Amino acid sequence: QVQLVESGGGLVLAGGSLRLSCAASGRTISMNVMGWFRQAPGKEREFVAGIIKSGGTTKYRESVEGRFTISRDNAKNTMYLQMNSLKPEDTAVYYCAATRSPFIVPIEGFYDVWGQGTQVTVSS
């Protein structure tokens with residue numbers, strides 16, 4: 001069993017920055033890909049970014065490319081999402097997720113384990 005716990009959410013002004021963390025525990029060796037998803041009120045959950053275990057391959061949704069950076073520290077079993085130049089449309093509950101898939105797939109159904117989510121609110 002793998003457990004994921006997010007932290008680092010909060011309220012920030014537009015243009016500001018936040019760093020989210022996702023701490024993994026349990027049988028993390030089986031999880032090859034980790035990712036961040038988000039869900040805004042009244043909208044479906046959407047893929048934000050993903051990273052494979054080695055950290056050498058990442059994938060981003062187009063709207064966050066160049067503003068968000070995903071990374072992972074395997075020694076600490078922790079994944080991060082550095083979010084810069086935040087916009088009001090980035091407001092959502094952010095979830096971390098993990099999968100045994102060898103590839104980064106931007107579809108939530110491919111992810112086996114989910115965290116409880118952390119709220120990010122960007123005010124204008």
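Quick caveat, the model's predicted, so the values are computed rather than measured.
Taking Ile, Leu, Val, Met, Phe, Trp and Tyr as hydrophobic and joining them when side-chain heavy atoms fall under 4.5 Å apart, one finds Met31 in a cluster with Val2, Leu4, Val12, Leu18, Leu20, Met34, Trp36, Val48, Ile51, Tyr60, Val64, Phe68, Ile70, Met79, Leu81, Met83, Leu86, Tyr94, Val113, Val120, Val122. Summarising the hydrophobic clusters (Ile, Leu, Val, Met, Phe, Trp, Tyr; side-chain heavy atoms under 4.5 Å, direct or chained), the residues clustered with Val5 are none.
You'll find the side chain of Asn32 stays beyond 4.5 Å of the side chain of Thr99, heavy atoms only. Counting heavy atoms from C-beta on, the side chains of Phe47 and Ile104 come closer than 4.5 Å.
Taking each heavy atom of Arg38 and Arg61 in turn, the nearest pair found is NH2-CD, 4.0 Å. Residues Ser124 and Ala14 share a closest heavy-atom pair of CA-CB, 4.4 Å. Nearest heavy atoms, Lys53 versus Thr28: NZ-O, 4.3 Å.
Sorted by first then second residue, the salt bridge (charged side-chain N to carboxylate O under 4.0 Å, His left out) pairs that include residues 115-124, not counting sequence neighbours, number zero. The salt bridge (charged side-chain N to carboxylate O under 4.0 Å, His left out) analysis of residues 108-124, with sequence neighbours excluded, yields the pairs Arg45-Glu108, Arg100-Asp112. Within the structure, ring-ring contact (aromatic ring centres under 6.0 Å, His included) pairs that include any residue of residues 105-124 comprise Phe37-Tyr111, Phe37-Trp114 (at least two apart or interchain).
Note that the CD atom of Glu6 and the SG atom of Cys22 stand 5.5 Å from one another [nearest 0.5 Å]. Atom CD in Gln116 sits 7.5 Å away from atom SG in Cys96 (nearest 0.5 Å). Distance check: Glu46 CD to Ser63 OG gives 6.0 Å after rounding to the nearest 0.5 Å.
Every salt bridge (charged side-chain N to carboxylate O under 4.0 Å, His left out) that Arg67 has, sequence neighbours left out, goes to Asp90. With sequence neighbours excluded, the residues that form a side chain to side chain donor-acceptor pair (under 3.5 Å) with Gln3 are Ser25. Scanning for side chain to side chain donor-acceptor pair (under 3.5 Å) contacts around Arg27 gives an empty result, with sequence neighbours left out. Partners of Ser17 according to the side chain to side chain donor-acceptor pair (under 3.5 Å) rule, which considers only residues two or more places apart in sequence or in another chain, are Asn84. Every side chain to side chain contact (heavy atoms under 4.5 Å, CB included) that Lys76 has, sequence neighbours left out, goes to Asp73, Thr78, Tyr80. Applying the salt bridge (charged side-chain N to carboxylate O under 4.0 Å, His left out) rule to Glu89 yields no partners; only residues at least two apart in sequence or on another chain are considered. With sequence neighbours excluded, the residues satisfying side chain to side chain donor-acceptor pair (under 3.5 Å) with Thr121 are Gln119.
Checking side-chain atoms of Gln82 against main-chain N and O of Arg19 turns up no donor-acceptor pair under 3.5 Å.
More than 12 heavy atoms of other residues, nucleotides or ligands shown are found within 6.0 angstrom of CD on Glu65.
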